[in-house]
Each structure stands twice: as C-alpha cells, then as structure tokens.
There are 2 protein chains.
Amino acid sequence: MSAYEEIFLTKLGSFIDLSEDDRVLMREFVSQKLAVGEGQHLLSEGEENQTVFFLQDGWAIRYKLLPDGRRQVISFLLPGDIFGFKESLFDLSNDSVQALTDVVVHPVPATQIAGLTDGNPNLALALAWARGREHSILTEHVVRLGRRTAYERVAHLLMELLHRLQLVDLASARAYPLPLTQELLADTLGLSIVHVNRTMRKLRKDGLISIDTDKRMIRIEDLQGLADAGHYDETFLDQDGEPSADVRDALSGDS
Amino acid sequence: MSAYEEIFLTKLGSFIDLSEDDRVLMREFVSQKLAVGEGQHLLSEGEENQTVFFLQDGWAIRYKLLPDGRRQVISFLLPGDIFGFKESLFDLSNDSVQALTDVVVHPVPATQIAGLTDGNPNLALALAWARGREHSILTEHVVRLGRRTAYERVAHLLMELLHRLQLVDLASARAYPLPLTQELLADTLGLSIVHVNRTMRKLRKDGLISIDTDKRMIRIEDLQGLADAGHYDETFLDQDGEPSADVRDALSGDS
DNA sequence: CCGTCGGCTTAACACAGGTAAATGCACAGC
DNA sequence: GCTGTGCATTTACCTGTGTTAAGCCGACGG
C-alpha cells in the first residue's frame, strides 16, 4: 500500500499499462518480505534454490569465484530486479548472490510462480520481460568485457547504472548513489583495483563525472561525453513499447 | 523420422526421460525446416523477430558490433541449441545471429509456442532448460572474459565446446570439428588474432591439443591438462538430473 | 598457369593494464 | 587517545597482450 511496495510496479509501469486490478494482484504476489543485511548471501554457489526473489530495496551482486580466488561480478541487482529465476527450475545455481547494502526482498516460492501467472497475463509478461532484460544486460556486459578499453568500460557501466536506476526513480537526471568500492568495480569490469582508480581519476579530470565527498554519490557532469566515451547505446535497455497483440495472446494461453 | 530429426531430442533425452509420445509431439513441433547458407544471417540487429529457432545442423554465432567495427561474439550456437527466444517476446533483438557453416534450423512462430507448451509439459521443460543452460553458458563467458588469462580463456572455451558437442554426439571422447577461424576465436575471447595464434601454438607445444592438418578438426591430447589450464569446471553445464516433482507440477500448470 | 585472397604464422616493437608497496584518511572498538 | 581495519590513492616498475608488418600456403577464378 505504501509507496514502498511499488518499486517493481514502478518499473513495470514504465513498460506496460497496468490496470488497478493488475496492481492489486501483483501486490499480493509480493506480500512476503525478507530483510537481508549488508554482506549476507541470498543464494550461494551449489545451493539448491526454489525461490524467486523480487528485489525491493538495496543493491546486490551475482558473482562467481575461480578456484584461486579471483572474483567476477556477473551482474548488479538493483531495486525492481527479479532474480533466482533460472535456478528456480533446476537444481544448482552455480553462482552466488550477495547483498552489497542492507536489502529487502520479496521471496516467492518457485512452485507458485506458474499458478500465479496463469490468472494474470500481465504478471507473466512482467516475468518474461525481466528475463529478456537480464539477458540484454548480460549481453552488453560480455561486449564490455571483451571489446572495450578500461576507460570505455567504466564509462559504459556508469551510464548503464544511471539508466537502470532512473527507471525506478532512484537516480536524478545526472546523479545517483553508488555503494560500490573500487574493488567491486574492478571485479565487475575485469580490471585491477589500481587501474580502476587511475581510470576514474581520468574520468574526473576529463570533467565527465564527479564523486561526492561523502563517497556514496556519483554525479555525471557530462552526460553526452560519458555516453560517447563508453560507446554507450541506450537502446539495449529500452525494450519498452507494447508487445504485439499476438504475443499477449500467446502469453495468456489462448492459442 | 530419420536420425536427422532428433538432434534436440538427443540433447533433451540426456536430461529427462522422454516417452515415445513426447518424442512424437516434439517431432511435430519442429516439422518446419529451413536451410541457411554459410555466412548468412538468421537474425539481424534491430530486426523484429517473432520466431524461435531450433538449430538442427551446423554452427552459428550470436554477436554484436561496436560502432567502430570491433566485434564481440556473445555465444556459439551448436546443433540442438534453441535461439531467438528472448527476442521473440519483445520487439528488438539488439544482436545478430550468423551462420558459420551451412545450417539447418526449425523455425517456430513465437505466437505458437505458448499453445504448444500447454499440452506438453516436457516441451515446456525443454524450453525452460534451454534458457537456463544458455544463461549458465553466458555467465561462464563473462567470467572467462573478465577474469581469465588468454591461455586460460582458450583452454576453457575448447573444453566447453567439447562437452557441448559431446552432448549431441558430435564429438568423440577427445576430438571434434572446429569450423572457426582464429579471427572468430579472437572476437569470442576478447583477444587479438595474433595473440590467439600465439596462445594456440603454446597449447600445442604444451601437448594439450593438436589440430588436424585439414584444419577443421581439433583433438584434445590431454583432457585433464586442458581442463586444469582453463580452470574448467564442467558442472556449469551439467544441469541434468530430474527436476523436483514440485517443479514439474508447476510447469504443467497444476498449482 | 598465374594472380589474388583468406587465413595462419612469425617477428619486432609499443603500450594498456597488472603488481607491489607505501601513505593517508575515516571510522570503530577499547 | 590509541590502535586496527578498510578503502582510496599514488608511485615505480613489469608483463601480457595489442599493433604493425611481412611472409607463407592453399584454394579459387579467369
């Protein structure tokens, strides 16, 4: 009922029209709440998972470790994101999900998902959309790691975070909270800590960004400049617009 | 009816038990056939897509281009793989799919998917499994690009291809056809052509692999050695084993 | 039969980014 | 106030990988 409960409706609402009925149904869907402290794990490698999580508040990462301790962050999970998906259908999740800040999630047993979507095509649509989005973001991450320079990688990631946070009203036109250490950025971007530091210094010197002294806010000083620096193509996130009537019919089960 | 039609049944069969009824239904599902020549595109960036493809024969890549021409291969599509998935539900696919060899696919209109899965829980399971697998592979690709050295990257990819091809009986215990140029490997692994060449030379010198003179076959000379070199953890592909009864129920729509 | 072209290979050199180590600061615990 | 811990920062140095360029080979077309 409170604005608190509506993060993923905010996100979804920017993508499809939701009736008041839809909203009521979806609020029920996320009636469970779970608070998880900073640093805690929501999913661990090799652990069986039968739950889908709606991230209501806070930041988390999905990551994998190599046997020698190297860490790679697979993706950032931001408020409004849904995760635990793929793993919910099969035994092993081979990566781990850890809260970067204090976090609130809505857990939904995987076994209930199908039943819930049956009566609510828009919910099915929402889940399909979330998956597609996650796939797009992961794809861009691959390109970032494989074919961009350090400078481009940082710029690109900062733009992506800006847009993803704007979608859930957690970023202003050019600023947002960034609860990440440089080590985390390094493990995300495939760089060393030192080089992340060098690169961000250069981004600051070039007048593209500034970091608030209290360290948990970033401000994009030159939006176009940062986007250009990262060869950032925002369309990969913009999968909005109504899906075709055909697709809606297909999802609602009328074949 | 010919063995020809059963590639994805071969793959699926190694994961779940299929009744003869299941097999018949699924053969109908892929009754359409489409031949695509080497180098042709199956999907292009920005193109609307309403089709899911079952890759029956041949290799393809999914890739993205940067504005300045750099290319990143997102994933390899091998016989038995399903693609066009995510895009089928929403407007834009922002990457392209190109045939590396002559290819045969079974196209299925996205709008028919839901109807077809309704009556066939095992098909729904197959699709969910394919997605989960694709996600796992993409995740490993991210780790490979972000946190492995060139030598490790090549070793790891070669092991992954071995195991994926074995699943569809296209690889022997230690050898398989490799229709890839070094340029393609470079664009997959985030390396330069020259360095791919150096690295493969070293893998050969180290006695881990050998390339058949006619160049389209690779042979793993030291399976354990190559796996170790790439810190290869094969479990990321082994999502087999029956899903829980709960999950089957959920998929079949009984909630 | 020759020329061209794509792909592999090698060598020489350059540089982006990694590694190691030290400093400083903010903050928590005592 | 003292000490320890975590994180950002910087300097110095090193190396893995990129770049450029050239040679080689086999396939193919005229």
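Because the structure is predicted, anything quoted here is derived from the model rather than measured. Chain A is the first sequence line, chain B the second, and so forth, proteins listed ahead of strands; every chain is numbered from 1.
Between K11(B) and D81(B), at least one side-chain N (NZ, or NE/NH1/NH2) sits under 4.0 Å from a carboxylate O, which counts as a salt bridge. Under a 4.0 Å N-O distance rule, the pair D212(A)/R216(A) does not qualify as a salt bridge. Under 4.0 Å is where a charged nitrogen must lie from a carboxylate oxygen, and between E221(A) and R204(A) no such pair does. Ion pairing between a basic and an acidic side chain is recognised when a charged N comes within 4.0 Å of a carboxylate O; R71(A) and D187(A) show such pairing. Here K64(B) pairs with E140(A) in a salt bridge; the nearest charged N to carboxylate O distance falls below 4.0 Å.
Between the CG atom of D187(A) and the P atom of dG17(C) there is a distance of 16 Å, rounded to whole Å. In this structure, the CG atom of D212(B) is 16 Å from the C1' atom of dC8(C), given to the nearest Å. At whole-Å resolution of the value, CD in E183(A) and P in dA8(D) are 8 Å apart. Distance, L203(B) CG to dT9(C) P: 12 Å, rounded to whole Å. Taking atom CZ of residue R216(B) and atom C1' of nucleotide dA27(D), one finds them 12 Å apart after rounding to whole Å.
Taking 4.5 Å as the limit, every side-chain heavy atom of D57(B) sits out of range of all side-chain heavy atoms of I7(B). A heavy-atom distance below 4.5 Å is found between the side chains of P107(A) and L34(A).
Ring geometry for F53(B) versus F83(B): interplanar angle under 30°, hence parallel rather than tilted (30 to 60°).
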Apply side chain to side chain donor-acceptor pair (under 3.5 Å) to residues H156(B) and R153(B) and explain how you reach the verdict.
CA-CA 5 Å; H156(B) 189 273; R153(B) 285 182 211 184; over 6 Å; no

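Here the options are E160(B), H163(B), Q224(B), the test is side chain to side chain donor-acceptor pair (under 3.5 Å), and the partner is Y232(B); only H163(B) passes.
Here CZ of R144(A) is found 12.5 Å from OG1 of T149(A). Values are rounded to the nearest 0.5 Å.
The bend of the helix from dC1(C)-dG30(D) to dC30(C)-dG1(D), defined by the angle between the axes of its first five and last five pairs, stands at 40° to the nearest 10°.
For DNA chain D, none of the residues of residues 64-78 of chain B falls under the heavy-atom distance limit of 4.0 Å.
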Where along nucleotides 10-22 of chain D does protein come under 4.0 Å, by heavy atom, of base (B) or sugar-phosphate alone (S), with - for untouched nucleotides?
BBB----BBBB--

